[in-house]
2 protein chains.
Amino acid sequence: MARPDSRHAILDAAEAIVGQSGAARMTLDAVAKRSGVSKGGLIYHFPTKEALLQAMIDRMMERADLMREEIRKKFPDERSNHLAVEMRVFQQGAEQKRPQSVALLAAIAANPDLTSGAREEMSRHFNAHIVSGGDFHRSAILFLAALGMHFLDLLNLSFLTKEQKQEIQEELLRLATGNEGI
Amino acid sequence: MARPDSRHAILDAAEAIVGQSGAARMTLDAVAKRSGVSKGGLIYHFPTKEALLQAMIDRMMERADLMREEIRKKFPDERSNHLAVEMRVFQQGAEQKRPQSVALLAAIAANPDLTSGAREEMSRHFNAHIVSGGDFHRSAILFLAALGMHFLDLLNLSFLTKEQKQEIQEELLRLATGNEGI
DNA sequence: TTTAATGTACCGACCGGACGGTACAGTAAT
DNA sequence: ATTACTGTACCGTCCGGTCGGTACATTAAA
């Protein structure tokens with residue numbers, strides 16, 4: 001892995017294809033072509049399509065972890081407010097044109113089993129941190145609302161205007177940092 | 001369409017396959033076999049796979065409309081509380097082992113364009129009714145939370161226990177029928 | 001009243017193309 | 001010598017869709 005640029009280029013290309021054209025169009029040939037790597041090169045890095053999908057999901061989760069760390073650095077007074085951190089993760093993720101979590105889409109389409117890692121990760125975050133501190137119902141509802149918005153984007157089903165989205169996100173963050181009743 | 005039993009059998013089979021084995025396994029042959037119809041018979045009713053997917057989505061939306069009507073009959077005092085009706089739709093939908101909205105999954109995997117009808121339908125319900133009456137933020141958050149839970153089930157990503165799900169659903173309904181702050 | 005024609009619903013063998021994956025010889029940097 | 005590829009040719013399977021037929025019910029002319 002002396003020149004691991006190709007690995008990232010391949011993963012970027014795969015994400016881009018899924019985001020733009022749908023999971024069904026994410027063929028090995030298409031990914032190779034788009035990433036500027038030969039098919040042989042692709043197979044060198046990811047011996048099967050499943051390996052590629054798994055790597056996409058792994059990278060997605062790594063990125064989310066990085067995001068959490070950055071946010072904790074940037075907002076030190078919210079360090080231990082896991083719900084607020086998560087709200088900011090969703091908020092920041094929504095600013096990108098295409099959610100990086102398209103990997104989930106591709107995996108679900110190809111082989112739903114691949115998502116078990118992601119499920120466990122979410123479960124960990126949700127149960128161990130977010131809900132532990134405060135009112136379960138309140139935390140759960142706020143988290144699920146942010147998740148719902150994210151899924152709407154991911155599935156390209158969003159019926160919200162940019163302004164509506166932003167407003168709701170700000171409200172969710174406000175509620176996550178505050179203590180008002182829903 | 002004098003004896004449309006086959007049509008329904010085919011749609012049922014397609015849903016079952018997507019729900020149990022994933023969208024990628026929903027091949028025409030598999031659907032035909034499962035529905036007890038020959039491939040030729042399937043193609044007679046649905047000339048292309050896209051037509052089948054479209055029919056699945058159409059039926060999904062029709063069913064949701066029926067559900068709304070039933071709920072309005074069953075809970076006449078909530079007739080005009082669109083948010084509460086929608087909460088009950090989500091609640092009732094979650095009671096089935098597999099959400100009927102697996103059609104969405106199949107469509108997204110095959111051809112994301114097919115979901116535009118569903119998006120418009122959601123938009124209509126959301127903007128015209130749910131949000132019209134009360135506090136936008138509150139309604140939106142409650143709706144999105146219910147949607148988030150639904151998507152978790154749909155994508156087989158749910159990390160919530162049965163009890164947690166039920167509790168949250170009841171809380172959402174309570175909030176939708178009441179006036180408390182979140 | 002027999003007969004011919006028409007339409008509906010369905011069967012299942014088959015075809016062509018796409019796709020995941022293999023194989024392998026060569027190359028260029030480290 | 002190892003690593004990280006390129007390039008190309010190829011293979012077998014799977015899948016969407018085609019096509020020629022069948023069975024049967026209804027209608028309509030002779």
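Since this is a predicted model, take the numbers as computed values, not measurements. These numbers come from the heavy atoms of this one structure, side chains and all, not from hydrogens, waters or symmetry mates. First the proteins, then the strands, lettered A, B, ... as listed; each starts at 1.
Atom CD1 of I10(A) is separated from atom P of dC5(D) by 8 Å (rounded to the nearest Å). Following rounding to the nearest Å, L42(A) (CG) and dT6(D) (P) show an atom-to-atom distance of 10 Å. Atom CE of M26(B) and atom C1' of dG16(D) are 11 Å apart (whole Å). Taking atom CG of residue D5(A) and atom P of nucleotide dT3(D), one finds them 19 Å apart after rounding to whole Å. For the pair H45(A) NE2 and dT6(D) C1', the interatomic distance rounds to 12 Å; values are reported in whole Å. K33(B) has its NZ atom 14 Å from the P atom of dC11(C), to the nearest Å. In this structure, the OH atom of Y44(A) is 19 Å from the P atom of dG26(C), given to the nearest Å. Protein atom CD of E50(A) is 14 Å distant from nucleotide atom C1' of dG21(C), rounded to whole Å.
For S6(B), counting side-chain heavy atoms from C-beta on, the closest listed nucleotide (dC10(C), dC5(D), dT6(D)) is dC10(C).
Ionic pairing of E62(B) and R59(B) is not present here: no N-O contact between side-chain nitrogen and carboxylate oxygen is shorter than 4.0 angstrom. A salt bridge is absent between R34(B) and D12(B): the closest approach of a Lys/Arg side-chain nitrogen to an acidic carboxylate oxygen does not fall below 4.0 angstrom.
Using modelled atom types, one finds no donor on one side chain facing an acceptor on the other under 3.5 Å when comparing E86(B) with H125(B). If you check the side chains of S101(B) and H150(B), you find a donor sitting under 3.5 Å from an acceptor.
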Using atom names, set out every protein N or O paired with an N or O of nucleotides 7-15 of chain D below 3.5 Å, distance rounded to 0.1 Å.
none

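Counting only distance, with no hydrogens or angles, the side chain of T177(B) and the backbone of L173(B) share a donor-acceptor pair below 3.5 Å.
Heavy atoms only, all atoms of each residue included: I57(A) and L114(A) are closest at CD1-O, 3.5 Å.
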